[in-house]
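Order of the sequence lines fixes the chain letters, A, B, ..., with proteins taken first and strands second; residue numbering starts at 1 for each chain. Atoms considered below: every heavy atom in the structure, side chains included; atoms not considered: hydrogens, waters and symmetry mates.
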Amino acid sequence: MYNAQEIEEKWRKYWKEHPELFRFDQKDTKKPVFSIDTPPPFTNGELHMGQIFWVSYIDAIARYKKMRGENVLCPVGWDAHGFPTELAVEKKYGRNLGREEFYKRCVELSNENIKKMRDQMLQLGFVFDEKYEYQTTAPSYTKKVQLSVLQMHEKGLIYRSAHPVEWCVRCGTGMSREEAVEKEEVSYLNYISFEVAGEEKGKKEERASITIATSRPELLHACVAVAVNPTDKKYKIFIGRSAKLPLFEREVPIIGDDAVEKEYGTGAEMVCTFGDKRDIALYYKHKLQLIEAIDESGRLKNAFEFDGLTIQKARDAVVAKLEKEKLLKKREKIKHIIKVHDRDDSPLEFISSMQWFMKTKDNAEKIKRTAKEIKWIPESTRQRLEDWANFIEWDYNFSRNRVFGTPIPFWRCEKCDYILPADKGKLPINTLDERPPSEKCPKCGSKVIGEKEVFDGWVDTGITPMVIAGWPDDTTLYKRAFPNSIRIQGTDIVRTWAFYTIYRTAMLTGNKPFENIIVNGMIRGTDGREMHKRYGNGIFLPNLVPKYPIDAIRLWVALSVGLGKDKIFSYMEMDYAKSFLTKLYNTAKFVEMALAQGKAQKEEPHKYLNVFDIWILNRLNDVVKEVTESYDGFVLYDAMNKLTNFYWHEFADYYIENIKHRVYSEDKKMEKSKDAALFTLRYVLEASLQMLAPVVPHLAEEINSMFNKKGSIFEQKMPEYHELGSGQDYVINGLIQKSEMEIDASSIGTFLNLVIGEVRKEKAKNRIALNHEITSININVPDEYISAVLASQDELKNILKAKEITAKKGKEFSVSIKI
RNA sequence: GGGUCCAUCGUCCAGUGGUUAAGACGCUAGCCUUACACGCUUGAGACCGGAGUUCGAUUCUCCGUGGACCCACCA
């Protein structure tokens, strides 16, 4: 085994000292630009498996493109804003820091974390462009986020509206989705009777009623509709009429909606503002009235005699009164799942308040159309985006009640919510610290205030393709690098990062954000479950290094099939990758040693190539075709699968074995043949190395340096495929050559290897060593190969260590040996 | 409930309208072969079930079964 750590360190250092190898050359205007958008990791201090995956994957693509002569722009970014950082700072410094001080401490902590994560990226061999590194907390980045939102405001895409948010009544704060966790609870389903109001025209009928079932009777005062399934025979005649609320003197419409299950409860439900997410959906869909049911401390409001009661007390009181008035038909014990705050387990309520929105719902079609212009790798992952776009229930609420986030660059009227945008020339800005353009609301004359809430993190990261293309200042770069060439990201954030990025760039630029998107699945733990703290099944870089070389990790990533679907982590596959590297290193050592045996390479030794030499060169040519096609489609699996199999099982197992006798020969007559073998050995090794280099860069550099004393393998070009006209043709250094032998070397080489394989089998059957000399070999050869076998008799004798070889024409191919 | 993906040796994982169905780990038998015993050679070992399309299906279609994931819901 080679010393991986030493080699890795050496080449990491070399790349650092030669940044020009990978740096984007902005002055160059000839080479095509290849720009890469990578997911800015959230700065929590350690790269997780998903990040190890994409870093390895995209770095290989970047290095490949570089070797294809493209001008590669590969920045890396950091998504620093976020709640976990706030929590950590709160834990360390308490809750009493002022806003500015608190923000500063958060930046400090994320900077520490960025340093750690950056080191791990470099450890993986990632050669990103430091010059283009970005961080969402940097003022220059804040400026861009704010500008992009101000431009969206100009386009009429930003507005404020009342919207229910999940609210912890105990803590008195709003929740984001990830803090709301599910919990099972035992409750009661209450059957309450509503009288149907009015009469059908010209028809006297009995008084009709609808019984609804609810687990939230205390919200009866905020009931704004009764909903039934439109196909339900029992109720459909009531749709369009009204129902009288029990206990309260009010009528609400009876609406039809598919969301109502005919079988659940009574098949009728009341819609309150707001009991649960269903209510919210129906409220928006049917444009219902809004009655605020609960205040921020969890007490009822707009409930007349029940005002001020806590939820639990109100529930008891309402049920008691319904019972008394004989309006409660029955109560049924149920188990159901409710949302609770992850920190204190208390039930969350929906409280309606004024929120900031971006118009996504009406733009769903445009988002889908833009998504179709992008090549999704694999194609099936686009479905996730479509599904999400098809299911938008309401617009994107982008404000968060937090401190550590990008400030929202608007003031607003305290009373009428009129929006005053910041001056685009004065960014970045925090409207809490600055005077508004007008002290009084231009609309109603009331007081204008700065915005305390901050942007959701996806607002920061939704413009990365524009940012790395130099938007808005560098218009030259922007023209060349936007849309970006490619993005890589995980399946888990298709409906967030991909969705918002496509939305934002489509709205702001009218264009797609990138040409290609690679969507990789999640790497699961060895137990098959998602890697998660609470399962303790996470695997991080320090768990793998130094047991595995970095190149083995990278090769494992490339050989992890099935982009788009989840992958269970496997040490077995990692071991395979490691074995391949050992093999690669040992073959290189062999070639090095072999070259030392020969004299200086004669000019054009390839003129003396024999059938095995041409066979392996032609196989190489085939592999070059497959590998470059796979790289060009960004599918590393196919490239590495083909290449590693070729290298190991054709080049090492057959070719090297077949030419050993030539390499070791000291016979003068063999000199030219020896030179030809040495030439071919080196040629195939170097070409394979060039194709392997993007994925296993450290070892590739090391081996390259064994043969080329100066420079980096990344200054070399990828080998190119050439279509061959006949079996006599072969490719050397991009030129098609013609062998003087009038044979089809590819098919004869393949046949001779078959013969060699059969002899190996016979030797194994007879339990003798492969190098054991045997008396004779008899071969029955099909017509078309007989002359080739006879011509290669001496060669075969040497390869197979046989004193004599006899070949006869025979219908059935067969091989027998005499020991 | 809606959707997406998937089902191949004991395990992992390729591939194909006609193949001798590849490779890895493990297992078998041998080989210390002047690059590699972390290796090499050899052997055993697989297309979820049903129907359809077809001359022919592991491959295409449908149904079923099983699994993974996403979304929605549990009034």
**Asked** Between A/K277 and B/C74, is there a side-chain N or O to OP1/OP2 distance below 4.0 Å?
**Response** no
**Asked** If we take the P atom in both B/U54 and B/C40, what is their distance in whole Å?
**Response** 49 Å
**Pairwise P distance for B/U53 and B/C9, with rounding to whole Å** = 29 Å
**Closest to the A/R524 side chain, choosing from B/C69, B/A29, B/C12** = B/C69
**Asked** Separation of A/I768 atom CD1 from B/C40 atom P, in whole Å?
**Response** 20 Å
**Complete:** In whole angstroms, the gap separating P of B/U11 from CZ of A/F569 amounts to 21 Å
**Asked** With a 6.0 Å cut-off on ring centres, are A/Y396 and A/Y503 close enough?
**Response** no
**Message:** Please report the distance, rounded to the nearest Å, between CG in A/N586 and P in B/C36.
**Reply:** 7 Å
**Message:** Could you tell me how far B/C36 sits from B/A44 if I compare only their P atoms? Round to whole Å.
**Reply:** 30 Å
**Prompt:** Say you pick atom C1' in B/C60 and the same atom in B/G2; how far apart are they, in whole Å?
**Reply:** 26 Å
**Message:** Is there a side-chain contact between A/P549 and A/K578 in this structure, where contact means two heavy atoms from C-beta onward sitting under 4.5 Å apart?
**Reply:** yes
**Item:** Rounded C1' spacing from B/U28 to B/C71 in Å
**Value:** 50 Å
For nucleotides 2-4 of chain B, give me every protein contact, N/O to N/O, under 3.5 Å, one pair per line with atom names.
residue, atom, partner, partner atom, Å
B/G3, O2', A/D387, OD2, 3.0

**Prompt:** Do the side chain of A/D395 and the main chain of A/K361 share a donor and acceptor less than 3.5 angstrom apart?
**Reply:** yes
**Fill in**
Partner of B/A46 under the Watson-Crick or G-U wobble criteria, both distances under 3.5 Å, comes out as none
**Request:** Could you tell me whether the phosphate oxygens of B/U33, OP1 or OP2, come under 4.0 Å of any side-chain nitrogen or oxygen in A/H772?
**Result:** no
**Message:** Less than 4.0 angstrom between a side-chain N/O of A/K583 and OP1 or OP2 of B/C40, yes or no?
**Reply:** yes
**Request:** Can you tell me, in whole Å, how much space there is between the P of B/G56 and that of B/A51?
**Result:** 14 Å
**Message:** Could you tell me how far B/U16 sits from B/G1 if I compare only their C1' atoms? Round to whole Å.
**Reply:** 37 Å
**Prompt:** NA contact type, A/A769, heavy-atom cut-off 4.0 Å: base, sugar-phosphate, or nothing?
**Reply:** sugar-phosphate
**Asked** If we call it a pair only when both distances are under 3.5 Å in a Watson-Crick or G-U wobble match, what pairs with B/U58?
**Response** none
**Message:** Looking at B/C32, which nucleotide sits across from it as a Watson-Crick or G-U wobble partner, both distances under 3.5 angstrom, or is there none?
**Reply:** none
**Fill in**
Taking B/U41, B/A68, B/A35 as options, the one with an atom nearest any side-chain atom of A/R760 is B/U41
**Message:** Checking side-chain hydrogen bond (donor to acceptor under 3.5 Å, both in side chains) between A/N190 and each of A/R315, A/E332, A/R331, which is the one that passes?
**Reply:** A/R331
**Item:** Ring centre gap for A/H163 and A/Y283 strictly below 6.0 Å
**Value:** no
**Message:** Considering every strand and a 4.0 Å limit on heavy-atom distances, what is the contact class for A/K660: base, sugar-phosphate, or nothing?
**Reply:** base
**Item:** Qualifying residues under side chain to side chain contact (heavy atoms under 4.5 Å, CB included), relative to A/S380, sequence neighbours excluded
**Value:** A/P378
Might you list the N or O atoms of the protein lying below 3.5 Å from N or O atoms in nucleotides 18-23 of chain B, with each pair's distance?
none

**Request:** Step by step, work out the ring pair (Phe, Tyr, Trp, His ring centres under 6.0 Å) result for A/Y785 and A/F813.
**Result:** CA-CA 10 Å; A/Y785 293 117; A/F813 165 65; 8.9 Å; no
**Prompt:** Is there ring stacking between A/Y664 and B/U34, where the centres must be under 5.5 angstrom apart and the planes under 30 degrees?
**Reply:** yes
**Request:** Can you figure out which of B/C71, B/A75, B/A35 approaches the side chain of A/R495 most closely?
**Result:** B/C71
**Prompt:** Quick one: on RNA chain B, does A/D638 or A/W648 contact a more 5' nucleotide (nearest heavy atom)?
**Reply:** A/D638
**Item:** Pair of N/O donor and acceptor under 3.5 Å linking B/A35 base with A/E657 side chain
**Value:** yes
**Prompt:** So what does A/N641 touch, heavy atoms closer than 4.0 Å: a base, only the sugar-phosphate, or nothing?
**Reply:** sugar-phosphate
**Asked** Within 45° of the ring axis of A/F634 and under 6.0 Å from its six-membered ring centre, is that where the NZ or CZ of A/K375 lies?
**Response** no
**Prompt:** Between A/L581 (CG) and B/C36 (C1'), how many Å, whole number?
**Reply:** 13 Å
**Request:** Quick one: pull up OG1 in A/T587 and CD1 in A/I703 and give me the separation to the nearest 0.5 Å.
**Result:** 6.0 Å
**Message:** Need to verify one output field. Residue with the more 5' nearest nucleotide on RNA chain B, A/D653 or A/D575?
**Reply:** A/D575
**Message:** For the residue pair A/K368 / A/N390, report whether a side-chain donor-acceptor contact shorter than 3.5 Å exists.
**Reply:** yes
**Request:** Calculate the interatomic distance between A/L636 atom CG and B/C13 atom C1'; express it in whole Å.
**Result:** 17 Å
**Asked** Within the side chain of A/K642, is there an N or O that forms a donor-acceptor pair under 3.5 Å with the backbone of A/V627?
**Response** no
**Asked** Taking atom C1' of B/U41 as reference, at what distance in whole Å does atom NZ of A/K763 sit?
**Response** 11 Å
**Asked** Please give, in whole Å, the distance from B/A37 P to A/N771 CG?
**Response** 15 Å
**Message:** Under 6.0 Å from the ring centre and within 45 degrees of the ring axis: does the NZ or CZ of A/R662 meet both conditions for the six-membered ring of A/F679?
**Reply:** no
**Message:** What is the separation between atom CG on A/L770 and atom P on B/U34, rounded to the nearest whole Å?
**Reply:** 12 Å
**Request:** Quick one: label A/T214 by what it contacts on the DNA or RNA (base, sugar-phosphate, nothing), any heavy atom closer than 4.0 Å.
**Result:** sugar-phosphate
**Message:** With a 3.5 Å limit on both atom pairs, tell me what B/A68 is paired to, counting Watson-Crick and G-U wobble, or say none.
**Reply:** B/U4
**Given B/U42, B/G39, B/A75, the nucleotide with the shortest approach to the side chain of A/V260** = B/A75
**Rounded distance in Å between the C1' positions of B/A57 and B/G39** = 41 Å
**Prompt:** What nucleic acid atoms does A/A588 come within less than 4.0 Å of, heavy atoms only: base, sugar-phosphate, or nothing?
**Reply:** nothing
**Prompt:** Can you tell which of B/G43, B/A35, B/C38 lies closest to the side chain of A/I656?
**Reply:** B/A35
**Asked** What heavy-atom pair brings A/P253 and A/V224 nearest, and what distance separates the two atoms?
**Response** CD-O, 3.3 Å
